[in-house]
Amino acid sequence: MSSPVPTSLQHRIDTMQPLRLAERTLPTAGPLRPLLPAGGLRKGAAYAVHGSATLGLALLAEASAAGEWCGIVGAPDLHPEAAARLGVALDRCALVPRPGTRALGIASTLAETLSLVLVYDISAPTHRDAARLAAKLRDSGAALIVLGDWPRAESELRVTASRWSGLGEGHGVLRGRELTVRSQDRRGVTVHRVHLETGRLETGRLEAQDRGPRITSAASPEREFPRPAAVAAPAADHDRPSELTAEPAWEFA
């Protein structure tokens, strides 16, 4: 009969085991998890989002609602109610609307104490500045979302199309929105669709690879999420979605 493993050795073995997914990632809304290579926002990582401030806020919302402290830097036109409708807990969110040229430094300071920081604009960060902030993120376990370019981002998410539903020919109310998101990370390049209903993230799905131009991807096969009836089957003419530009302008929720 073999002797039990000594306590000190067992402790060393346990500390060498990889962390569980829940310990390595921040809470992330289910429909957004397929966009990210770790299945969620990884602690200590940075992400680049292009073409939609709403997507950036949606990535932040789940962690905020779960009790994590978050920060938003450089969004002077962001209305708090718009962020709240997406699920951001304003009582646990630090807002710095006009950081000026100090956006990078402020984001670095916030990352020391907050779990997640969303930055609306960092003008042409140098690789040295990015490396310093990346080291701080790893030390603190915080995650960074940048609306724009960021060197060596964990994942780059680019909104390539946006479609609204609920507005007919001069009447009706905008009730839902569908974003087509192109993700690029270590898995390759993949196209996703994310649905928002009445300002809140409801459901999403990974787009099949045989739709539109073919792209290379090392991602997992298509994953389906249930679609709400209001999105899947409009009941009247005024519910039919209207197409927007294929390269949508920046919007603040």
Side-chain angles (χ1 to χ4, degrees), residues 18-73 82-90 92-94 107 110-111 114-120 134 137-138 140-147 150 152-159 177-197 199-207 217 219-228 253:
L19 294 174
R20 293 176 297 178
L21 180 62
E23 297 173 335
R24 292 188 290 112
T25 60
L26 291 165
T28 308
L32 298 179
R33 292 172 191 166
L35 277 65
L36 307 171
L41 293 167
R42 187 171 64 81
K43 296 178 181 179
Y47 300 85
V49 176
H50 300 269
S52 175
T54 298
L55 179 58
L57 284 169
L59 286 166
L60 178 145
E62 188 78 5
S64 175
E68 302 286 350
W69 277 84
C70 304
I72 300 177
V73 180
R85 285 198 303 270
L86 282 169
V88 178
L90 298 178
R92 289 187 296 275
C93 186
L110 292 177
L114 305 183
S115 299
L116 182 58
V117 180
L118 170 64
V119 185
Y120 271 59
L137 292 173
R138 289 192 297 270
S140 66
L144 176 70
I145 301 172
V146 177
L147 300 184
W150 187 257
R152 298 182 180 178
E154 174 86 356
S155 182
E156 182 177 288
L157 306 176
R158 187 177 299 274
V159 173
R177 187 179 182 191
E178 179 183 87
L179 300 178
T180 301
V181 184
R182 179 180 179 270
S183 67
Q184 184 171 0
D185 49 53
R186 61 175 179 267
R187 302 171 300 176
V189 178
T190 315
V191 176
H192 315 257
R193 286 185 181 178
V194 177
H195 301 269
L196 299 98
E197 190 75 6
R200 185 177 295 276
L201 185 68
E202 294 289 344
T203 186
R205 64 184 176 81
L206 179 64
E207 183 175 320
S217 172
S220 58
E222 179 178 358
R223 293 180 57 189
E224 292 288 344
F225 294 84
R227 293 168 58 103

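Every heavy atom of this structure was used, including side-chain atoms; hydrogens, water molecules and symmetry mates were not. On a predicted model such as this, the values are computed, not experimentally measured, just so you know.
Rounding to the nearest 0.5 Å gives a distance of 8.0 Å between CD1 of I72 and CG of L90. How far CD of E68 is from CG of L41: 11.0 Å, rounded to the nearest 0.5 Å. A distance of 9.5 Å separates CG in L147 from NE2 in H50, rounded to the nearest 0.5 Å. Here T25 contributes atom OG1 and R33 contributes atom CZ; the two are 8.0 Å apart, rounded to the nearest 0.5 Å. Atom OG1 of T28 and atom CG of L60 lie 10.0 Å apart (nearest 0.5 Å). Atom CG of L57 sits about 8.5 Å away from atom SG of C93, to the nearest 0.5 Å.
Counting only distance, with no hydrogens or angles, the side chain of T190 and the backbone of S183 share no donor-acceptor pair below 3.5 Å. Looking at R158, its side chain never comes within 3.5 Å of a backbone N or O of R182 through a donor-acceptor pair.
No side-chain heavy atom of L59 sits less than 4.5 Å from a side-chain heavy atom of L35.
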Checklist entry - Going through the distances and angles, do L32 and L55 end up as a side-chain contact (heavy atoms from CB on, under 4.5 Å)? => result CA-CA 9 Å; L32 298 179; L55 179 58; 4.0 Å; yes
Checklist entry - Could you walk me through whether C70 and V88 pass the side-chain contact (heavy atoms from CB on, under 4.5 Å) check? => result CA-CA 9 Å; C70 304; V88 178; over 6 Å; no
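Ion pairing of E154 with R186 is present here, as a side-chain N (NZ or NE/NH1/NH2) and a carboxylate O approach within less than 4.0 Å.
For the side-chain contact (heavy atoms from CB on, under 4.5 Å) with Y47, the lone residue among L118, L36, L157 that qualifies is L36.
Residues passing the side chain to side chain donor-acceptor pair (under 3.5 Å) test with S140, sequence neighbours excluded: none.
When all heavy atoms of G30 and P34 are compared, the pair lying nearest together is O-CD, 3.4 Å.
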